[in-house]
Amino acid sequence: MPIQSYDLAVVGAGICGLAHALAAVRRGKRAVVIDRDAQANGASVRNFGFVTVTGQQAGECWRRAMRSRDVWIEITAAAKIPIQQCGLLMIARRPEARAVIEAFLETDMGVECRLVEPAELGEYGSGLRGGEFAGALYSPHEARVESREAIPQLAAYLAERFDVTFMRQTTVHVALPPRLETSRGPVEAETIVVCPGDDFTALHADRLARYDLTRCKLHMMRVRPERVDPLLPAIMSDLGLIRYLGYAELPAAETLRARLEAEQHAHIDAGVHLIAVRSADGTLVIGDSHHYAPTPDPFAPTAIDELILDEFVHVFAGPGPQVVERWTGTYASAPDRLMLVDRPCEALRIVLITSGAGASTSFAIAEEVIAELYA
Ligand SMILES: Cc1cc2nc3c(=O)[nH]c(=O)nc-3n(C[C@H](O)[C@H](O)[C@H](O)COP(=O)(O)OP(=O)(O)OC[C@H]3O[C@@H](n4cnc5c(N)ncnc54)[C@H](O)[C@@H]3O)c2cc1C
């Protein structure tokens with residue numbers, strides 16, 4: 001059989017790999033995406049599908065999130081992928097949290113966001129413990145997709161609309177342009193982008209060793225509350241204000257952090273904060289927690305889930321929700337950066353999202369990487 005030849009080969013069919021394939025085909029390139037799994041099974045389908053702009057670190061990350069959100073809006077419309085939810089309501093349970101929100105609104109990132117007074121919270125849907133809060137931040141920038149459906153739909157769209165070739169159940173052993181060695185034989189490509197997710201110990205492990213990478217394990221649940229208002233935007237609360245760098249790096253966050261360390265010590269130790277996003281069937285995906293290890297253990301102690309549910313019942317009215325599904329996910333993590341692009345040679349890039357922001361930033365990162373590869 002003749003060796004197949006492409007302009008670009010992408011290793012990895014998660015959101016990062018798909019984003020690179022999209023950026024390349026938009027420039028008229030012929031692309032192949034190679035993944036060892038039969039269907040996407042990594043972080044890209046285990047996440048919230050929450051394209052978060054507000055709260056991303058000021059500067060490049062926030063800018064990339066804004067651009068990626070725009071690409072999500074374009075591509076979901078073109079590929080007929082439903083946007084499940086828009087906007088973010090960051091609840092301030094405490095006055096110290098409201099102070100962080102007020103400080104955030106003073107920054108350039110506060111554009112189009114607003115402070116919501118407790119009495120106004122009803123406008124964003126019922127089901128919250130509105131009267132008990134010190135206020136909230138509303139951001140219109142966010143979008144939410146159902147990742148487990150959206151990622152396969154995006155791959156199918158790339159195949160049908162742009163003739164991207166997908167080689168599934170195919171492991172890449174060597175990726176050195178102009179050739180890849182795979183479990184199904186060699187493939188030729190002028191340029192290669194490796195997007196291996198949290199698998200940084202296989203391809204080009206020698207290059208990646210310098211970044212001091214580890215992995216982060218997260219607990220996730222799907223819950224069925226008694227009622228969920230369809231108007232409800234994505235919900236976060238105080239613990240997120242000391243975790244997401246766009247807020248956490250503001251001086252006002254220190255006072256909040258001190259109070260949370262006194263009152264929610266166990267949550268902070270487990271890296272727990274609340275994100276709650278809505279699905280079409282009325283369930284909510286909620287999470288998460290953060291445990292770091294080179295090889296995270298496969299166990300999911302219920303005590304961690306209880307901490308997430310504890311924050312949930314302080315934000316949502318009514319009794320504790322029925323948990324209908326639980327899972328964990330992992331992503332790559334670095335001590336000093338949110339993402340990395342490694343350049344082993346002119347026609348090869350290794351791209352890792354080393355934070356929990358790949359759904360929010362991959363499209364912009366991919367545009368930058370492909371523009372540089374084909375400059
Ligand atoms: C629980 C959880 C919640 C999250 N929530 C959010 C969120 O709400 N918003 C947000 O922006 N981000 C979120 N993230 C982060 C985001 O999901 C990740 O940053 C993103 O999915 C990483 O995408 P990826 O394509 O790099 O990795 P992956 O999705 O892991 O894909 C990597 C792919 O590479 C393939 N691969 C690796 N090596 C090889 C090889 N040698 N040969 C063939 N195939 C190979 C793997 O099989 C895999 O399919 C979350 C992550 C988790 C785990």
Side-chain angles (χ1 to χ4, degrees), residues 9-21 32-53 55-56 61 64-65 68-69 72 85 88 142-145 147-148 150-151 154-155 166-175 180-184 187 192-205 208 215-221 234 236 240 244 271 273 275-277 285-291 296 300 308 326-333 338-340 350-366:
V10 179
V11 183
I15 186 60
C16 186
L18 298 183
H20 282 83
V32 59
V33 178
I34 310 172
D35 199 295
R36 65 174 158 234
D37 281 324
Q39 74 278 331
N41 192 43
S44 300
V45 292
R46 296 172 188 229
N47 62 22
F48 294 93
F50 185 32
V51 182
T52 320
V53 176
Q56 300 293 1
C61 189
R64 286 176 174 144
S68 298
R69 191 280 318 266
W72 271 111
Q85 218 173 359
L88 160 71
E142 283 62 31
R144 196 247 156 184
V145 294
S147 293
R148 61 184 71 180
I151 295 295
L154 178 55
F166 280 84
M167 292 175 66
R168 304 258 182 205
Q169 293 174 277
T170 307
T171 300
V172 178
H173 302 302
V174 180
L180 301 97
E181 301 297 341
T182 85
S183 53
R184 291 181 196 264
V187 173
I192 299 175
V193 180
V194 178
C195 305
D198 70 344
D199 187 344
F200 44 81
T201 55
L203 290 174
H204 300 287
L208 293 174
R215 293 188 175 91
C216 178
K217 178 179 84 169
L218 296 82
H219 282 226
M220 301 283 285
M221 285 173 272
M236 295 177 69
Y244 271 61
H273 70 144
I275 299 178
V277 291
V285 173
I286 71 167
D288 52 20
S289 56
H290 296 81
H291 290 93
I308 298 167
R326 298 176 201 261
W327 68 98
T328 60
T330 56
Y331 59 69
S333 174
L338 304 176
M339 52 77 74
L340 70 87
I350 308 168
V351 184
L352 266 79
I353 316 297
T354 52
S355 61
S360 308
T361 55
S362 284
F363 283 127
I365 291 167

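Nothing fancy with the numbering, it's 1 onward along the sequence. Both counts, for ligands and for their atoms, begin at 1 and track the order of listing.
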Any donor-acceptor pair under 3.5 Å linking the side chain of Arg69 with the backbone of Thr52?
-> no
Start with the C-alpha distance between Phe200 and Val194, add both sets of side-chain angles, then the distance that settles side-chain contact (heavy atoms from CB on, under 4.5 Å), and finish with yes or no.
-> CA-CA 10 Å; Phe200 44 81; Val194 178; over 6 Å; no
Quick check: does Asp35 get an N/O under 3.5 Å from an N/O on ligand 1?
-> yes
contact_flag Ala175 ligand 1 heavy-atom lt 4.0 Å | no
Verify, without hydrogens or angle tests, whether Ser355 (side chain) and Leu338 (backbone) share a donor-acceptor contact under 3.5 angstrom.
-> yes
Under 4.0 Å from a heavy atom of Phe50: give me the atoms of ligand 1 that qualify, with their elements.
-> 7 (C), 8 (O), 9 (N), 10 (C), 11 (O)
Any non-hydrogen atom of Asp288 lying under 4.0 Å from ligand 1?
-> no
Any side-chain heavy atom of Val45 sitting closer than 4.5 Å to one from Trp327?
-> no
Could an N or O of ligand 1 be found under 3.5 Å from any N or O of Ile353, whether backbone or side chain?
-> no
Heavy-atom nearest option to atom 36 (N) of ligand 1, drawn from Met339, His20, His173, Arg36 = Arg36
Per atom 16 (C) of ligand 1, closest listed option by heavy atom (Gly358, Ala13, Gly12) = Gly358
Can you tell me which residue and heavy atom of the protein come closest to atom 30 (O) of ligand 1, and the distance to 0.1 Å?
-> Ala43 N, 3.5 Å
Ser355 heavy atoms, cut-off 4.0 Å: which ligand 1 atoms fall inside?
-> 19 (O)
Measure the shortest side-chain to side-chain distance between Ile365 and Met339 over non-hydrogen atoms and say whether it is less than 4.5 angstrom.
-> yes
So how far is it from Leu180 CG to Thr170 OG1, rounded to the nearest 0.5 Å?
-> 11.0 Å
With a 4.0 Å heavy-atom cut-off (strictly under), which part of Ala202 contacts ligand 1: side chain, backbone, both or neither?
-> neither
With only distance considered, is Cys16 within less than 3.5 Å of ligand 1 through an N or O on each side?
-> yes
Nearest protein heavy atom with distance in Å, relative to atom 41 (N) of ligand 1 = Val172 O, 3.1 Å
Just which atoms of ligand 1 are under 4.0 Å from any heavy atom in Gly329?
-> 53 (C)
of all protein heavy atoms, closest to atom 11 (O) of ligand 1 is Ser360 OG, 2.6 Å
Main-chain N/O of His219 paired to Arg326 side chain as donor or acceptor, under 3.5 Å | no
Do any nitrogen or oxygen atoms of Ala359 come within less than 3.5 Å of a nitrogen or oxygen of ligand 1?
-> yes
The ring-ring contact (aromatic ring centres under 6.0 Å, His included) partners of Tyr331 (sequence neighbours excluded) come to none
Would a 4.5 Å heavy-atom cut-off, applied to side chains only, mark Ser360 and Ser68 as touching?
-> no
Atom indices of ligand 1 within 4.0 angstrom of Ile15 heavy atoms, with elements | 20 (C), 21 (O), 23 (O), 25 (O)
Is Tyr331 in polar range of ligand 1, meaning some N or O pair under 3.5 Å apart?
-> no
Does Trp72 use its side chain to pair, donor to acceptor, with the backbone of Ala359 at less than 3.5 Å?
-> yes
Distance filter under 4.0 Å to Asp37 heavy atoms, resulting ligand 1 atoms | 47 (O)
Measuring from the heavy atoms of Thr170, does anything fall under 4.0 Å of ligand 1?
-> yes
Any Gly356 heavy atom less than 4.0 Å from ligand 1 | yes
Decide whether an N or O pair under 3.5 Å exists between Asn47 and ligand 1.
-> yes
Residue that, paired with Asp198, satisfies side-chain contact (heavy atoms from CB on, under 4.5 Å) out of Leu352, Ile353, Thr354, Thr330 = Thr330
Main-chain N/O of Val172 paired with Thr182 side-chain donor or acceptor, under 3.5 Å = no
Number the atoms of ligand 1 from 1 as they appear, then name those within less than 4.0 Å of a heavy atom of Leu203, with their elements.
-> 41 (N)
Examine Met220 against ligand 1 and note whether any of their N/O atoms are separated by less than 3.5 Å.
-> no
Would you mind finding which of Gly14, Ser44, Ala234, Cys195 brings a heavy atom closest to atom 23 (O) of ligand 1?
-> Ser44
Phe50 side chain near Leu88 side chain, heavy-atom distance below 4.5 Å = yes
Polar-atom distance check: Thr52 versus ligand 1, any N or O pair below 3.5 Å?
-> no
Give a yes or no answer on whether the side chain of Ser183 reaches the backbone of Thr171 with a donor-acceptor pair at less than 3.5 Å.
-> yes
Is the backbone N or O of Gln39 less than 3.5 Å from a side-chain atom of Asp37, with the two atoms forming a donor-acceptor pair by type?
-> no
At a 4.0 Å threshold, what atoms of ligand 1 neighbour a non-hydrogen atom of Thr330?
-> 53 (C)
Which atoms of ligand 1 have any heavy atom of Gly197 under 4.0 Å away?
-> 26 (O), 27 (O), 30 (O), 32 (C)
Please identify each residue that fulfils ring-ring contact (aromatic ring centres under 6.0 Å, His included) with His290, with sequence neighbours left out.
-> His273
